[in-house]
Amino acid sequence: MTKKYDAIIIGAGVIGTPIAYELCKMGYKTLNVDKLPDAGEGSTAGSCAIVRAHYSTEDGVALAYEGFKYWLDWENYLDNVTDEKGLAKYMNTGSILIKSDGHDWRKVQKHYDAVGVKYEEWDVDTVKKHVPPIDMHKFWPVRRPEDPKFYDEPTEMLEGAIFCPEGGYVNDPALSAHNIMRAAEAKGGEFMFNAEVVDIRSENGKVKGITLKDGTQIDADIVVNVGGPHSFKVNQMAEGVWEGCNIKTKALRHEVMYCPSPEGYDYLNDGYHMSDGDIGCYERPEVGNMFLIGSEDPECDPQEWVDPDEFYAGKGGPGRDNVLTDAQWKAQCYRLGKRIPSLKVPNQPKGVVDLYDVSDDWIPIYDKSDLPGFYMAIGTSGNQYKNAPVVGRMMAELIDACEKGLDHDKEPFQYEFKYTTRTLNVGFFSRKREINYDSSFSVNG
């Protein structure tokens with residue numbers, strides 16, 4: 001006999017689990033289905049889990065700043081649930097945004113003022129006081145080591161930075177998703193792992209449920225695509241959904257590097273998250289007194305769009321897609337070496353390779369679809385981890401409103417933030433929007 005739920009959520013990562021959690025709190029009977037063995041083991045596990053407020057749009061800043069409140073009060077958000085693996089920890093280091101040509105920081109500052117984000121302006125001397133090994137010369141434009149001009153001596157200084165004291169990062173992104181899963185289960189949510197969805201079934205123009213690879217059919221009047229890098233493939237399974245999206249998503253291969261902190265600098269305990277458009281990188285502390293170094297997708301860095309099935313099938317083998325490339329390792333580590341001259345870059349690359357789920361304008365799709373009952377929280381990778389708890393609540397309320405008759409396309413749902421005094425027009429994240437050219441078109445969102 002086919003089992004039936006109120007809502008099936010495809011994916012059990014850091015976005016899928018809070019959607020289930022919030023729907024359960026509203027009385028829905030939910031099932032999360034994931035092809036991996038446990039919550040958070042997909043692209044969530046490869047996330048840098050950075051929590052920062054700077055975005056290229058005011059709505060992006062507002063959503064992120066609302067998210068701060070959840071991370072800063074993690075146990076209460078989880079309703080004090082017990083997780084046998086322990087709880088993820090929010091490392092409230094503070095976040096430094098370097099004033100550079102690589103970031104429209106004046107626009108960010110304007111958004112901070114409009115939203116009410118707490119921040120301080122730091123001049124060069126203040127930055128050096130807080131980050132002793134830093135070199136505040138201007139290295140713009142961003143180049144790669146194979147470019148002869150990469151080694152030109154700088155002559156100008158940067159202006160300083162904007163410091164956001166509530167920013168930071170989560171120490172274990174996979175564990176954070178597992179925590180939310182346990183919280184959802186405590187409210188009645190169910191989870192099915194090692195289960196691959198191969199079809200979205202519909203009947204009489206409305207979603208009916210899913211079919212798994214082993215032939216199992218599970219029914220629900222609501223299906224939510226939170227498939228991460230596989231989101232575009234899930235959309236293509238559902239009648240009329242892919243065609244109805246003006247904004248599409250696809251999977252981007254991304255590399256993050258680890259590099260030891262300079263001798264005498266306790267970056268793990270004294271360091272900050274830093275976003276540095278002048279060298280096209282962001283950094284945060286990592287266990288072992290390491291710098292975690294990610295690319296901010298400058299024009300000189302190549303983008304590699306991949307088939308997620310092929311990428312994940314190759315994980316674990318030598319010479320496969322999950323192996324760091326020497327050229328990108330050097331690009332990110334050498335660029336940080338300009339900013340931190342005492343950095344000693346080892347010969348052996350160390351880091352993480354995973355996939356981003358990227359929309360055409362790097363702004364996510366949080367929306368219904370052209371198939372009644374089918375919803376999407378996609379295009380989220382790279383810059384939405386920090387927003388996950390807010391997105392869970394927002395998507396649950398959007399789904400509930402649409403199921404009760406709201407035509408979200410004609411009258412976009414207005415989401416009232418829980419912690420900050422603000423209403424968000426969720427139509428901002430519509431699948432039918434035009435490309436938003438205010439976006440950074442990068443991991444910065």
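Hydrogens, waters and symmetry mates play no part in the numbers below; they use all other heavy atoms, side chains included.
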Check against ring-ring contact (aromatic ring centres under 6.0 Å, His included), Tyr356 and His254: CA-CA 7 Å; Tyr356 284 171; His254 234 254; 4.1 Å; yes
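- Residues Thr423 and Tyr415 form no side-chain contact, since every pair of their non-hydrogen atoms from C-beta on lies 4.5 Å or further apart.
- With Arg144 contributing its side chain and Glu146 its backbone, the two residues share no donor-acceptor pair below 3.5 Å.
- The side-chain heavy atoms of Leu424 and Leu63, taken from C-beta on, include a pair separated by under 4.5 Å.
- Salt-bridge check for Lys129 with Asp125: failed, with every basic side-chain N at 4.0 Å or more from each acidic carboxylate O.
- Figure legend: Lys338 and Phe150 shown as a cation-pi pair, the cationic atom lying under 6.0 angstrom from the six-membered ring centre and within 45 degrees of its axis.
- For Phe429 and Phe413, the ring centers are positioned 6.0 Å apart or more.
- Side chain of Tyr90 to backbone of Gly168: a donor-acceptor contact under 3.5 angstrom is found.
- Cation-pi geometry between Arg422 and Tyr419 is not met at under 6.0 angstrom from the ring centre and within 45 degrees of the axis.
- Considering OG of Ser261 and CG of Leu268, their distance stands at 9.0 Å, rounded to 0.5 Å.
- Relative to the ring axis of Tyr65, Lys69 places its NZ or CZ within 45° and under 6.0 Å from the centre.
- Proximity of Leu158 to Ser100: side-chain heavy atoms (C-beta onward) are separated by under 4.5 Å at one or more points.
- Annotation: Phe68 is not in aromatic contact with Tyr70 [ring centroid separation under 6.0 Å not met].
- Side chains of Ser176 and Tyr385 form a contact here, defined as non-hydrogen atoms less than 4.5 Å apart.
- Two rings, from Phe291 and Tyr267, have their centers less than 6.0 Å apart.
- When atom types are taken as modelled, the side chain of Glu255 and the backbone of Thr325 share a donor-acceptor pair closer than 3.5 angstrom.
- Here the CD1-OG1 distance, from Ile15 to Thr380, works out to 5.0 Å after rounding to the nearest 0.5 Å.
- Rounding to the nearest 0.5 Å gives a distance of 13.5 Å between NZ of Lys99 and NZ of Lys138.
- You'll find the ring centres of Trp362 and Tyr55 outside the 6.0 Å limit.
- Here CZ of Arg431 is found 10.0 Å from CG of Asn235. Values are rounded to the nearest 0.5 Å.
- Here Thr93 contributes atom OG1 and Tyr272 contributes atom OH; the two are 8.5 Å apart, rounded to the nearest 0.5 Å.
- For the salt bridge (Lys or Arg N to Asp or Glu O under 4.0 Å) with Arg335, the lone residue among Asp276, Asp301, Asp278 that qualifies is Asp301.
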Val108 and Tyr112: CA distance, side-chain angles, deciding distance, side-chain contact (heavy atoms from CB on, under 4.5 Å) verdict: CA-CA 6 Å; Val108 169; Tyr112 278 8; 3.6 Å; yes
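- Between the side chain of Asp438 and the main chain of Thr57, no donor-acceptor pair closer than 3.5 Å is present.
- Side chain of Asp79 to backbone of Val81: no donor-acceptor contact under 3.5 angstrom is found.
- Of the charged side-chain nitrogens involved, none lies within less than 4.0 Å of a carboxylate oxygen, so that Glu299 and Arg143 do not count as a salt-bridged pair.
- Ser439 contributes a side-chain N or O that, together with a main-chain N or O of Phe441, makes up a donor-acceptor pair within less than 3.5 Å.
- Between His137 and Phe139, the ring planes lie tilted relative to each other; the angle falls in the 30° to 60° range.
- Distance alone, capped at 3.5 Å, places no donor-acceptor pair between the Lys386 side chain and the Ala49 backbone.
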ring-ring contact (aromatic ring centres under 6.0 Å, His included) between Phe163 and Trp122, worked out: CA-CA 7 Å; Phe163 175 67; Trp122 287 1; 4.3 Å; yes
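- Residue Asp367 holds its CG atom at 9.0 Å from CZ of Arg433, rounded to the nearest 0.5 Å.
- Distance alone, capped at 3.5 Å, is enough to place a donor-acceptor pair between the Lys248 side chain and the Trp242 backbone.
- In this structure the side chain of Pro145 never reaches within 4.5 angstrom of the side chain of Asp147, judged on heavy atoms.
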